[in-house]
Amino acid sequence: MTTAIYPGSFDPITNGHASILRSGLVAFDKIIVAVLNNDSKHPLFSVEERIDMIQESVVDMGADPARVEVDSFHGLLVDYVKSKNARVILRGLRAVADFEYELQMANMNRHLNDEVETVFIMANDAYFYVASNLCKEVTRLGGDVSKLVPRPVAPKLRAKLGM
Ligand code: PNS
């Protein structure tokens, strides 16, 4: 059984993340969505809120909940991967702009633990431009992102931003 760790800030989860998760479930038996617990990134949502939204989104997208675990981690990602007896990190790639950052992270993680492999899945082209930060900015400015985030997320985003 191959388990992949899908790490990220998920502040909040978007349809881009959900599409990577859906594709990841074609390739892997189990996916652990690992939410970064790091206040220095000044997230809008607490770790608990982000985990709840991911869990609700997994149900909403009809994924098998037995194959998706949602957890949080702090410290080095490779140490977390090892603690879960996993060897695969799953990341999504959108445009070329993601490539350099992802290449740097994948190589740093390989340097830290060469038994861990990073696997990339191309984002669905419908969500190439979707990013959590843009969804927050657009909502804050009164725009509608309800088609860009999972159904349970849109009202929470509006409420959090007082819209
Ligand atoms: O969704 P993001 O913010 O692009 O995810 C970034 C994440 C969480 C994958 C990355 O910041 C991370 O792995 N942080 C843990 C710290 C770590 O292991 N750093 C060294 C590897 S670059």
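Order of appearance sets the numbers: ligands from 1, and atoms from 1 within every ligand. Excluded from the calculations below are hydrogen atoms, water molecules and symmetry mates; all remaining heavy atoms, backbone and side chain alike, are included. None of these values were measured; they are calculated from a predicted model. This chain uses plain numbering: 1 for the first residue, then up along the sequence.
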Measuring from non-hydrogen atoms of [X] to any atom of ligand 1, is the shortest distance under 4.0 Å?
X	result
Q104	no
S132	no
F10	no
Y80	no
R91	yes

Just to be sure I'm reading this right: ignoring hydrogens, which of [options] gets closest to [atom]? Compare them by their nearest heavy atoms.
atom	options	value
atom 10 (C) of ligand 1	M105, E102, H17, H74	M105
atom 13 (O) of ligand 1	L77, N109, D11, D79	L77
atom 2 (P) of ligand 1	A131, A106, S9	S9

Open item on the list: When you compare the side chains of D11 and S9, does any donor N or O come within less than 3.5 Å of an acceptor on the partner?
Closed with: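 Side-chain D/A pair, D11 to S9: absent.
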
Quick one: nearest non-hydrogen protein atom to [atom], plus distance?
atom	result
atom 12 (C) of ligand 1	F73 CZ, 4.4 Å
atom 14 (N) of ligand 1	L36 CD1, 3.9 Å
atom 11 (O) of ligand 1	K41 NZ, 3.9 Å
atom 6 (C) of ligand 1	Y101 OH, 3.6 Å
atom 19 (N) of ligand 1	L76 CD2, 4.1 Å

Atom of [X], atom of [Y] and distance for their closest heavy-atom approach:
X	Y	result
P150	S57	CB-OG, 3.3 Å
L90	I31	CD2-CD1, 3.9 Å
P12	F45	CB-CE1, 3.9 Å
P7	R91	O-NH1, 3.0 Å
R67	D29	NE-O, 2.8 Å
S19	Y127	CB-CD1, 4.0 Å

Task: Per-atom contacts of ligand 1 with G75, taking only distances under 4.0 Å to non-hydrogen atoms - done: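 Atoms satisfying the 4.0 Å criterion: 15 (C), 16 (C).
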
Open item on the list: Return the CZ to CG distance between F120 and D98, rounded to the nearest 0.5 Å.
Closed with: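 It is 9.5 Å, given to the nearest 0.5 Å.
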
Task: side chain to side chain contact (heavy atoms under 4.5 Å, CB included) assessment of V35 paired with D71 - done: CA-CA 6 Å; V35 178; D71 194 12; over 6 Å; no

